[in-house]
Amino acid sequence: MKQEFNYCNCCGSPMEVRDVHGNPRPVCTSCGWVVYLDPKVVVGMLLDLNGGLVMVKRATNPGKGLWSFPAGFVDRGEIAEDAAARETWEETGLVSQAKSLAGVYSRTGDPLVLIVYDGEVTGGEMKVGGPEVEEVGSFPQHELPPLAFDRDAPIIEAWFNRRG
Ligand SMILES: [Zn+2]
């Protein structure tokens with residue numbers, strides 16, 4: 001996830017972080033070439049299964065051993081809704097479809113932009129997916145497991161509230 005910019009792509013001189021247009025950015029100490037870092041787009045899927053929210057226990061950091069909803073990075077050129085369904089399938093074995101936008105979440109200084117969808121399970125069978133996941137489950141609102149990310153708590157609470 002961490003990107004290193006030690007040497008200039010143009011002239012090979014060392015880079016250093018300087019304030020450019022109000023943000024810290026890697027700048028070439030020789031020719032002045034600037035790296036403008038893009039945000040990373042993450043999609044997540046909120047799914048009901050047996051009356052609870054589908055969640056995964058993370059096998060990797062950040063948040064190793066803690067729980068979140070299925071989520072992952074959007075590939076360049078990939079439709080965001082499809083990425084959410086792909087990540088869900090990879091992590092949980094469930095086939096799903098994004099139905100509506102739950103919200104878009106970003107924070108000052110955070111490289112991640114999180115897009116979350118309300119989805120629907122259309123097939124598959126819940127099982128532990130790839131190496132990024134230790135366990136999968138479906139949890140009612142008052143039996144939620146410990147959350148990996150504090151940003152998730154209001155997103156999950158709003159999802160249960162929407163469902164009444
Ligand atoms: Zn340079």
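Just follow the structure's listing: the first ligand is 1, and inside any ligand the first atom is 1. As a basis for the values below, the full set of heavy atoms in this structure was taken, side chains included, without hydrogen atoms, waters or symmetry mates.
If you take CE on Met45 and OH on Tyr117, they are separated by 9.0 Å, rounding to the nearest 0.5 Å.
Asp152 and Ser68 share a donor-acceptor pair across their side chains, judged by distance under 3.5 Å alone.
A continuous path of Ile, Leu, Val, Met, Phe, Trp and Tyr side chains, each step under 4.5 Å between heavy atoms, connects Leu101 with Val113, placing both in one hydrophobic cluster. When hydrophobic clusters are built by joining Ile, Leu, Val, Met, Phe, Trp and Tyr residues whose side-chain heavy atoms come closer than 4.5 Å, directly or via intermediates, Phe73 is grouped together with Leu46.
In terms of heavy atoms, Val42 sits closest to Ala71 at CG1-CB, 4.2 Å.
In summary, Lys127 and Glu125 do not engage in a salt bridge, as defined by a charged side-chain N under 4.0 Å from a carboxylate O.
For the Zn ion (ligand 1), the count of nearby protein N/O/S atoms, taking only those under 2.8 Å, is 4.
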